[in-house]
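Only one structure is covered here, and it is reproduced in the block below.
Basis for what follows: all heavy atoms, side chains included, without hydrogens, waters or symmetry-related copies. Start at 1 and go down the list; that is how both ligands and their atoms are numbered. Since the structure is predicted, the reported quantities are computational estimates derived from the model, not experimental observations.
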Amino acid sequence: MEPDKTGKIFVISGPSGVGKSTIVRGAGGVVEKTGIPVCVSATTRPQGKTEVNGKDYWFITRDEFEQKIENEEFLEYAKVFDNWYGTPKKEVEDRLAKGQSVILEIDTQGGLSVKTLYPDATVVMIFILPPSNDVLQQRMSKRGRETDVDSQIAHKRLKNASNEIAMAWQHYEHMVINDVLENAINEITGIIKTETGENKE
Ligand code: ADP
Ligand code: 5GP
């Protein structure tokens, strides 16, 4: 046992459709390569056709979400595109207490909240950029979730992307471009392994 081993929180953010879940949770992705799990958030957003409750998100009602806020069950929560998203506090704190790390796939508002809650060395902020706006738009429509097909929501998501990117340049330590998927996965895996001390060159 290593007595001085401390867990870290890896915050991974990026515009909707940039490829976060593919990079983090996909086959051969960051979770598989690092062995660090991603904490499953709760959301009031409707469940997408291919999404699995308890794996992609905990899909809950607005009332259930409000109850959790009241019970202080969230580490942070935020409204993103008219829906609420929150990170379960217990799961994160239990892992940190055991010296284990965790990945949070959350937006920049959530990322900044988490950063203020812990000492600097505990939180590592990673932002994923698209190679271009056009590519981001293509990926969003390729994903084909019902909300992406609604052009008003799609427009909102794109507009929000530029705000998130501007914020990220100020507050995130690592900016990774998701052009070739494998390269992005390897880059983020490298950042994480360096931070956890697995890369010891
Ligand atoms: P996010 O979780 O950021 O909203 P997703 O992981 O759902 O994004 O990815 C959006 C779409 O883009 C998916 O169809 C995914 O297969 C595709 N995608 C992700 N990364 C790449 C990449 N590097 N090259 C091409 N397509 C990609
Ligand atoms: P989506 O609906 O595309 O899955 O997610 C929309 C946005 O909400 C993404 O930027 C995603 O990272 C963010 N998000 C997901 N879970 C959480 C969470 O628990 N907290 C916060 N603040 N944002 C989240």
Considering all heavy atoms of both residues, which atom of Phe59 and which atom of Arg45 are nearest to each other, and what is their separation?
CD2-O, 3.2 Å
For Asn71, I'd like to know if atom CG has over 12 heavy atoms of other residues, nucleotides or ligands within 6.0 Å.
yes
Just wondering, more than 12 heavy atoms not from Asn186 lying within 6.0 Å of its CG?
yes
Could you list which atoms of ligand 2 come closer than 4.0 Å to a heavy atom of Arg45?
1 (P), 2 (O), 4 (O)
Could you pull out the closest heavy-atom pair between Pro15 and Pro130, with the gap in Å?
CG-CD, 4.2 Å
If you count the atoms of ligand 2 from 1 in the order shown, which ones are under 4.0 Å from a heavy atom of Ala78?
22 (N)
For Ser16, atoms of ligand 2 separated by under 4.0 Å from a heavy atom:
3 (O)
Considering only heavy atoms, does Pro15 approach ligand 1 within less than 4.0 Å through its side chain, its backbone, both, or neither?
backbone
Between Val40, Asp107, Leu75, flag the one that comes closest to atom 23 (N) of ligand 2 by a heavy atom.
Asp107
Does Tyr77 have more than 12 heavy atoms from other residues, nucleotides or ligands lying within 6.0 Å of its OH?
no
Which is closest to atom 18 (N) of ligand 1 in terms of heavy atoms, Met140, Glu182, Arg139?
Arg139
Return a yes/no value for Val180: is any of its N or O atoms, backbone included, closer than 3.5 angstrom to an N or O of ligand 1?
no
Determine yes or no for a side-chain-to-main-chain donor-acceptor pair under 3.5 angstrom, with Asp179 supplying the side chain and Pro131 the backbone.
no
Per-residue contact class, Tyr57 against ligand 2 - non-hydrogen pairs under 4.0 Å
side chain
Against heavy atoms of Glu105, which atoms of ligand 2 measure under 4.0 Å?
12 (O), 14 (N), 15 (C), 16 (N)
Sub-3.5 Å donor-acceptor pair from the side chain of Ser41 to the main-chain atoms of Tyr57, do we have one?
no
Within ligand 1, which atoms have a heavy atom of Lys20 less than 4.0 Å away?
1 (P), 2 (O), 3 (O), 4 (O), 6 (O), 8 (O)
Hey, is Gly86 one of the residues with a heavy atom under 4.0 angstrom from ligand 2?
yes
Specify whether Tyr172 and Phe127 have parallel, tilted or perpendicular ring planes, treating 30° as the upper limit for parallel and 60° as the lower limit for perpendicular.
perpendicular
Taking only heavy atoms of Lys20, which atoms of ligand 2 are found under 4.0 Å from at least one of them?
12 (O)
Would you say Gln109 touches ligand 2, if touching means a heavy atom closer than 4.0 Å?
no
Give the contacting part of Asp179 toward ligand 1: side chain, backbone, both or neither, where contact means a heavy-atom distance below 4.0 Å.
backbone
So, the side chain of Lys68 versus the backbone of Glu73: is there a donor-acceptor pair under 3.5 Å, distance only?
no
Indicate yes or no for a side-chain donor-acceptor contact from Lys89 to the backbone of Glu72 under 3.5 Å, with no hydrogens or angles considered.
yes
Lys8 NZ: over 12 foreign heavy atoms closer than 6.0 Å
yes
So, 4.0 Å and heavy atoms of Gly14: is ligand 1 close enough to count as a contact?
no
Suppose I only count heavy atoms of Leu181 and a 4.0 Å limit; which atoms of ligand 1 are within that range?
20 (N), 23 (N)
At under 4.0 Å between heavy atoms, which part of Thr87 makes contact with ligand 2: side chain, backbone, both or neither?
both
List every atom of ligand 2 that sits less than 4.0 Å from any heavy atom of Gly110, numbering the atoms from 1 in the order shown and giving each element.
22 (N)
